[in-house]
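Single-structure report; data block below.
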Amino acid sequence: MSINKITFSGVETPMQVKQEIKKEETEKTVEMVDKEKSNAAKYMIGATALATVIGLGIAGRKGYFGEGMQKLLGGAKKSANDIVESGEKKGGEILDGVINETATQSMNAIKRKINPELIEDKELRQVIEKLDSGSTANFANERDSTFHVMRYIDQMESNLYKTLIERFANYQSPSELSKAVNELSAKKYDIPVKALENCADNIDFEHILNDLNDPNIMGNRKSKIVLPKDVKPEEKLRIILNTIAESTKERLMAKIEFNLPNRYSNATQDEKTKMIEKNYTYILKELKSTLDFLSPNVS
């Protein structure tokens, strides 16, 4: 029989009794809802599993299940409160398992990105950091890893080239430009294998090589990329990324050398410095023109 259908006689009227009973039920309901909200806010995940287990315990406590279901919930000898506590404990165990698994998956996702902290070159490190902040760097977690690696390589190359152009187009004196050109010419990019841990899973390197070694795509690279057969995928990816970074450097050097005499490549270091300083104006004009092309003004 529902509580709302029970009537009483006495000093208090039936309506007053009903209102008080209804008020009491409302307060209990609000208290229960607040508790459930608190649990949901605390765990955020697995709330359905927890509510199901605890709900069964509460239902058992209110006598909605027979002896058989009571045994299923925790034994006929257990009190209703014990059943609820047992349900909360089991719900907590379920949540702990889900939370730990989710945290592990999140850590794996982070580890599968390239670690820019291990890259010594400042400009290349900044480029990788920027790519890491977006979705591009998640290529190791995508179903079509090969496609996303190729997209990553393309963006790394274009972003590094633009970064170098921006720096070289803003040198204020011939001596600054000459020093920067000499330093860039001697630089060797090196992304260590440790920065690429777990970033080369499910990559079809043969497909990538066929694409990068295409004569129409090679650009300023002097030779095709060759990958050793008996090396780990991370080492293969390292070779590819370092080669792309080197070719980006060579691309900028080629643009600078275009404005220098033909004998530049065979000249001594002092002769190269003088050539760069003498042609400073022409070099900067070419670099700024390229920068304007890469960064068009949006009106």
Side-chain angles (χ1 to χ4, degrees), residues 114 116 118-131 150-192 195 208-209 211-227 236-296:
I114 295 176
L118 301 176
I119 300 174
E120 292 184 2
D121 183 77
K122 180 180 178 181
E123 286 166 323
L124 181 57
R125 182 171 64 249
Q126 290 176 342
V127 168
I128 298 296
E129 286 175 343
K130 188 174 182 179
L131 289 175
M150 293 172 65
R151 187 178 67 162
Y152 186 91
I153 291 172
D154 180 66
Q155 291 193 22
M156 189 193 81
E157 181 179 22
S158 60
N159 291 353
L160 179 59
Y161 184 65
K162 184 178 178 181
T163 299
L164 291 172
I165 287 286
E166 286 176 343
R167 174 160 67 92
F168 277 77
N170 286 286
Y171 282 117
Q172 300 299 313
S173 68
S175 59
E176 284 183 322
L177 177 63
S178 176
K179 181 181 178 181
V181 170
N182 292 334
E183 289 176 349
L184 182 66
S185 178
K187 177 182 292 185
K188 291 292 181 182
Y189 289 103
D190 182 24
I191 300 176
I208 292 178
L209 286 184
D211 185 77
L212 293 178
N213 289 333
D214 186 315
N216 298 319
I217 298 177
M218 283 182 62
N220 290 293
R221 277 192 286 119
K222 299 176 181 179
S223 59
K224 293 183 177 181
I225 301 175
V226 178
L227 298 177
K236 292 181 179 181
L237 182 59
R238 171 184 175 273
I239 293 172
I240 290 175
L241 294 179
N242 285 336
T243 302
I244 295 301
E246 284 291 321
S247 68
T248 304
K249 178 193 77 174
E250 293 169 2
R251 180 181 172 189
L252 176 60
M253 290 297 301
K255 181 168 290 293
I256 292 173
E257 291 176 12
F258 178 78
N259 296 278
L260 299 173
N262 293 332
R263 65 180 186 278
Y264 175 83
S265 57
N266 296 321
T268 64
Q269 190 60 56
D270 289 341
E271 290 174 337
K272 288 181 178 180
T273 298
K274 291 179 181 179
M275 291 180 192
I276 293 171
E277 291 179 351
K278 183 178 181 179
N279 294 277
Y280 166 78
T281 303
Y282 301 104
I283 295 173
L284 245 61
K285 182 179 179 180
E286 179 72 17
L287 294 178
K288 289 182 177 180
S289 175
T290 302
L291 184 60
D292 290 340
F293 176 78
L294 296 175
S295 306

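Excluded from the calculations below are hydrogen atoms, water molecules and symmetry mates; all remaining heavy atoms, backbone and side chain alike, are included.
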Reported [atom1]-to-[atom2] distance for the pair [X] and [Y], which is rounded to 0.5 angstrom:
X	Y	atom1	atom2	result
E176	N170	CD	CG	10.5 Å
E271	Q269	CD	CD	10.0 Å
K236	I225	NZ	CD1	13.5 Å
L160	E123	CG	CD	7.0 Å
L184	E250	CG	CD	10.0 Å
L284	S173	CG	OG	10.0 Å

Looking only at heavy atoms, which two atoms of [X] and [Y] are closest? And how far apart?
X	Y	answer
Y280	Y171	OH-O, 2.7 Å
P116	I128	CB-CG2, 3.9 Å
S178	E277	CB-CG, 4.0 Å
S247	E157	OG-OE2, 4.1 Å
M156	A245	CE-N, 4.2 Å

Any side-chain heavy atom of [X] within less than 4.5 Å of one from [Y]?
X	Y	result
T290	F168	no
L260	I283	yes
M253	V181	yes
D121	I191	no
N279	P261	yes
L212	I244	yes
K130	Q155	no
F293	I165	no

Would you say [X] has more than 12 foreign heavy atoms packed within less than 6.0 Å of its [atom1]?
X	atom1	result
D214	CG	yes
E120	CD	no
K224	NZ	no

- Given side chain to side chain contact (heavy atoms under 4.5 Å, CB included), test K272 with S185 step by step and report yes or no. CA-CA 11 Å; K272 288 181 178 180; S185 178; 5.6 Å; no

Looking at [X] and [Y], would you say the former's side chain and the latter's main chain have a donor-acceptor pair under 3.5 Å?
X	Y	result
T243	I239	yes
D154	M150	no
E183	A180	no

- Does the pair Y161 and K255 meet the rule for a side chain to side chain contact (heavy atoms under 4.5 Å, CB included), with working shown? CA-CA 11 Å; Y161 184 65; K255 181 168 290 293; 3.1 Å; yes

- Message: Between K249 and E246, does any side-chain N to carboxylate O distance fall below 4.0 Å?
- Response: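 E246 and K249: salt-bridged.
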
- Message: Using the rule given for side chain to side chain contact (heavy atoms under 4.5 Å, CB included), can you reason through Y282 versus L287, listing the C-alpha separation, both sets of side-chain angles and the distance that settles it, and then say yes or no?
- Response: CA-CA 9 Å; Y282 301 104; L287 294 178; over 6 Å; no

- Query: Hey, mind stepping through R125 and E129 against side chain to side chain contact (heavy atoms under 4.5 Å, CB included) and telling me if it holds?
  - Reply: CA-CA 6 Å; R125 182 171 64 249; E129 286 175 343; 3.9 Å; yes

